Amino acid sequence: MQKRITAFRRLGQHHLEQLSEHFHVDYFPELDSADDPAFREALREAHGLIGASLRITPELLDDAPNLEAIASISVGVDNYPVDELTRRDILLCNTPDVLTETTADTGFSLIMASARRVVELADFVKRGDWTESVGPAQFGSDVHGKTLGMVGFGRIGAAVARRGALGFGMKVLYSNASPKPDLERELGAQRREFDELLAEADFVCVTVPLTAETTHLFGAEQFARMKSSAIFVNIARGQVVDEPALIDALETGEIRAAGLDVFAKEPLPADSPLPRMANVVALPHIGSATVETRDAMAQRAVDNILRALSGERPISLVNDEAWTSRQG
Ligand code: NAP
């Protein structure tokens, strides 16, 4: 019997054709919610699930008794109940590496845009307010030669730091679960306690995964520790930050500015003050959103699910235990 895949969002025609060569595919390109009845019906029969940006709950898994593998088109797996998937021997695959450099580009563009006030001053020109040479009221701050504090120093964190150290002569500090001696050698990076990094850095850039431990890692206390000239950049996940505390820190001048790709609630609610604040650059979660990288991510997810459903170890597997258990 041919295995079945339920696919949703972010797949191109060539990806679907590849999947269809091996499996029966039910595709939901515009899936709105996991409650969509046709999606739920397809899932009941599915051996594989592939897609992006959908919260998968244990209740949903109860309705998918044949599921063997999920291929997420993302590196972050905060939308998945990983332990529950492992308990059920369901493989969870993600897409690391292929999005690292693009997401680091987004991070660095937020560092630059926030420091040099690129969006605010481009709006100033668009409004027709550029009637004389700019003065101190429009001055930004330097990026080169400053201290970059990376909170999270994995693939993306290292790629942002590389841009800072090698391209902009920045001193790199990092706070991370484990030490990174190779990166210390490569970039001259220095490990700091979280609180020390906050006090020393001119730019604090967040690249930790969202976990129970990192939820609200940044709150009023952390913003209070930062320099009043500091710029906060978040390209990780919105829930790593207590957003009202960030808004407060930006409004009171406790920190100078923020560059944000991710938010507590996405899309940003219409009543959020963040996009209207002059010292905030807000992006619509575009970390990995380039033509090339989104295609590479979808392709990695396709490769993962093809392997997983053929009994081969997927390229990027999140829960090794489920693989071991399925082999046994
Ligand atoms: P990664 O290589 O796993 O790096 C994450 C780093 O965070 C690791 O070095 C890890 O330490 C560290 N870490 C984990 N928990 C920590 C904690 N409680 N305190 C301090 N450090 C901690 O992952 P990545 O590929 O760089 O991706 C990182 C995250 O970026 C993803 O999980 C995703 O949420 C986010 N992301 C966002 C976008 C976007 O569109 N904005 C795009 C891609 C990814 P160890 O090295 O010791 O394990």
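When a residue number appears, it is its place in the shown sequence, counting from 1. What you are looking at is a predicted structure, and each value in this text was computed from that prediction instead of being measured.
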Tell me the closest heavy-atom pair linking V160 and L148, and the distance in Å. O-CD2, 4.2 Å
Minimum-distance pair of heavy atoms, taken over all atoms of I73 and A301: CG1-CB, 3.7 Å
Would you compute the distance between atom CG of L31 and atom CG of L54 and round it to the nearest 0.5 angstrom? 6.0 Å
With sequence neighbours left out, the residues meeting side-chain hydrogen bond (donor to acceptor under 3.5 Å, both in side chains) with D62 are R88
Below 4.5 Å, heavy atoms only, C-beta onward: do L91 and P314 meet side chain to side chain? yes
Whether S310 side chain and E312 backbone form a donor-acceptor pair below 3.5 Å: no
Ignoring hydrogens and geometry, is there a side-chain-to-backbone donor-acceptor pair from E45 to A42 under 3.5 Å? no
Under a 4.0 Å N-O cut-off, is there an ion pair linking E243 with K265? no
Could you check R326, R4, R307 and say which one makes a salt bridge (charged side-chain N to carboxylate O under 4.0 Å, His left out) with E68? R326
From L246 CG over to I255 CD1, what is the distance, rounded to the nearest 0.5 angstrom? 5.5 Å
With a 3.5 Å cut-off and no angle check, do the side chains of Q299 and D295 form a donor-acceptor pair? no
Ionic contact status for E84 with R87, cut-off 4.0 Å: yes
Quick check: does any side chain N or O of N304 sit under 3.5 Å from a backbone N or O of I315, one acting as donor and the other as acceptor? yes
Is there a side-chain contact (heavy atoms from CB on, under 4.5 Å) between L60 and D63? Walk through the geometry before answering. CA-CA 5 Å; L60 187 118; D63 277 355; 5.8 Å; no
Going by distance alone, is a donor N or O of one side chain under 3.5 Å from an acceptor N or O of the other, for R9 and S53? no
Closest approach of R237 to N234 (non-hydrogen atoms, all atoms of both residues): O-ND2, 3.2 Å
N279 side chain vs R256 backbone, donor-acceptor pair below 3.5 Å: yes
Assert yes or no for the condition that the ring centre distance of F194 to F218 is strictly below 6.0 Å. yes
Please determine whether a side-chain nitrogen of the Lys or Arg among R163 and E101 lies less than 4.0 Å from a carboxylate oxygen of the Asp or Glu. yes
For L61 and L85, which heavy atoms make the closest approach, and how far apart are they? CD1-CD2, 3.6 Å
Spatial distance of atom CG (D78) from atom OG (S72) [nearest 0.5 Å]: 9.0 Å
Do the side chains of F203 and L197 join up, straight or via other hydrophobic residues, at under 4.5 Å, putting them in one cluster? no
Considering residues, nucleotides and ligands other than E30, do more than 12 of their heavy atoms fall under 6.0 Å from its CD? no
Membership question, hydrophobic clusters at under 4.5 Å side-chain separation (ILVMFWY): are L317 and L99 in the same one? no
With distance as the sole test, does D261 use its side chain to make a donor-acceptor pair with the main-chain N or O of I286 at under 3.5 Å? yes
Looking only at atom types and distance, does a side-chain atom of T207 sit under 3.5 Å from a main-chain N or O of G152, one as donor and one as acceptor? yes
If only atom types and distance count, is the side chain of Q222 paired as donor or acceptor with the main-chain N or O of G219 below 3.5 Å? yes
Pairwise side-chain contact, L173 with K171, heavy-atom cut-off 4.5 Å (strictly under): yes
Test side-chain contact (heavy atoms from CB on, under 4.5 Å) on V233 and F108 and set out the steps. CA-CA 9 Å; V233 170; F108 221 85; over 6 Å; no
Any chance you could measure T95, atom OG1, to M297, atom CE, to the nearest 0.5 Å? 4.0 Å
Considering residues, nucleotides and ligands other than N66, do more than 12 of their heavy atoms fall under 6.0 Å from its CG? yes
Please report the shortest heavy-atom distance between S325 and D89, naming the atom on each side. OG-OD1, 2.8 Å
Would C205 and M150 count as a side-chain contact (heavy atoms from CB on, under 4.5 Å) here? Give the steps. CA-CA 5 Å; C205 180; M150 297 303 309; 3.7 Å; yes
Under the salt bridge (charged side-chain N to carboxylate O under 4.0 Å, His left out) rule, what do E221 and R225 come out as? Steps first, then yes or no, please. CA-CA 6 Å; E221 200 184 314; R225 284 185 198 280; 3.3 Å; yes
Considering residues, nucleotides and ligands other than Q2, do more than 12 of their heavy atoms fall under 6.0 Å from its CD? yes
For residues T214 and V151, determine if any side-chain heavy atom of one lies less than 4.5 Å from a side-chain heavy atom of the other. no
Does Q138 CD have over 12 foreign heavy atoms under 6.0 Å away? yes
Indicate yes or no: does R185 engage D182 in a salt bridge with an N to O separation below 4.0 Å. yes
Quick one: are E184 and Y174 in side-chain contact, heavy atoms under 4.5 Å? yes
Side-chain contact test, heavy atoms from C-beta onward, threshold under 4.5 Å: evaluate it for S141 versus I231 and give yes or no. yes
Is a side-chain N or O of S316 found less than 3.5 angstrom from the main chain of N94, in a donor-acceptor match? yes
Do H47 and M1 have side chains that approach each other closer than 4.5 Å (heavy atoms only, starting at C-beta)? yes
Going hydrophobic residue to hydrophobic residue with side-chain gaps under 4.5 angstrom, can you get from V119 over to L110? yes
Side-chain donor/acceptor of S109 to backbone N/O of T106, under 3.5 Å: yes
Polar side-chain atom of T86 near backbone of V82 as donor-acceptor pair, under 3.5 Å: yes
Below 30° counts as parallel, above 60° as perpendicular, anything between as tilted: where do the rings of F8 and F39 land? perpendicular
Hey, are D320 and R313 close enough for a salt bridge, meaning a charged N less than 4.0 Å from a carboxylate O? yes
With heavy-atom distances below 4.5 Å as the criterion, would you say the side chains of I56 and N79 are in contact? no
Does one hydrophobic cluster hold both V280 and V204, with members joined at side-chain heavy-atom distances below 4.5 Å? yes
Measure across A158 and L187 and return the closest heavy-atom pair with its distance rounded to 0.1 Å. O-CD1, 4.2 Å
In this structure, OG1 of T147 is separated from CG of D202 (nearest 0.5 Å) by 5.0 Å
Check against side-chain contact (heavy atoms from CB on, under 4.5 Å), R294 and S288: CA-CA 7 Å; R294 282 292 169 86; S288 64; 3.1 Å; yes
Heavy atoms from other residues, nucleotides or ligands near CG of D142 exceed 12 (cutoff 6.0 Å): yes
Hydrophobic clustering (ILVMFWY, side-chain heavy atoms < 4.5 Å, transitive) - are I5 and L16 grouped together? yes
Please examine the side chains of I90 and N319, heavy atoms only from C-beta on, and report whether any two atoms are closer than 4.5 Å. no
With rounding to the nearest 0.5 Å, note down the distance linking CZ in F139 to CG in L121. 11.0 Å
